[in-house]
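These numbers come from a predicted model, not from an experiment. Excluded from the calculations below are hydrogen atoms, water molecules and symmetry mates; all remaining heavy atoms, backbone and side chain alike, are included. Residue numbers start at 1 and run along the sequence shown.
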Amino acid sequence: MTAIIEQLKAARRALGMKQSELGKKLGLPQSHVSKIEQGATDPRLSTVADMARVMDHELMLVPRQLVPHVTSLLRGEDDRERRWQPDEEVEA
């Protein structure tokens, strides 16, 4: 959970959003957002999901066997042959 919270904190900062702004959107006091980001409280999964969505992120449950593939996609690595091909562009 710590890694997820750290990523959400980084996303909030990248958006230039203050803890108080995030808290307002979530219906939580700034102090609670601070405690979550500091690891001083263990938030509910629904709270973490809501935090992600407010910052245009999404939590996903990935089968363990697919984690290396998903990680590779997220990093932009292409160590295998493509399994999909974009549709051909139609010229007007």
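Side-chain atoms of Ile36 and Met51, non-hydrogen and from C-beta on, do get closer than 4.5 Å to each other. You'll find the side chain of Lys25 reaches within 4.5 Å of the side chain of Met17, heavy atoms only.
Transitive grouping of hydrophobic side chains (ILVMFWY, heavy atoms separated by less than 4.5 Å) keeps Met60 and Val54 in distinct clusters.
When all heavy atoms of Thr41 and Pro43 are compared, the closest pair comes out as O-CD, 3.2 Å. In plain terms, the two heavy atoms of Leu59 and Ala52 that are nearest each other are CG-CB, 4.3 Å. The heavy-atom pair separating His69 from Gln65 by the smallest distance is CD2-O, 3.9 Å. Taking every heavy atom of both residues into account, Gly23 and Val33 meet most closely at CA-CG2, 3.7 Å.
With rounding to the nearest 0.5 angstrom, the CG atom of Leu26 is 10.5 Å from the OG atom of Ser46. Atom CE of Met55 is separated from atom CZ of Arg12 by 7.5 Å, given to the nearest 0.5 angstrom. For the atom pair NE2 of His57 and CD1 of Ile4, the computed distance is 12.0 Å after rounding to the nearest 0.5 Å.
For the side-chain hydrogen bond (donor to acceptor under 3.5 Å, both in side chains) with Gln19, the qualifying choice from Lys9, Lys24, Arg13, Gln30 is Gln30, the only one to do so.
Proximity of a side-chain donor or acceptor of Gln38 to a complementary backbone N or O of Lys35 within less than 3.5 Å is not detected.
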message: One pair to check against side chain to side chain contact (heavy atoms under 4.5 Å, CB included): Leu8 and Leu22. What are the steps and the verdict?
response: CA-CA 11 Å; Leu8 291 174; Leu22 177 58; over 6 Å; no

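In this structure Met1 satisfies the side-chain contact (heavy atoms from CB on, under 4.5 Å) test together with Ile5, Val48, sequence neighbours excluded.
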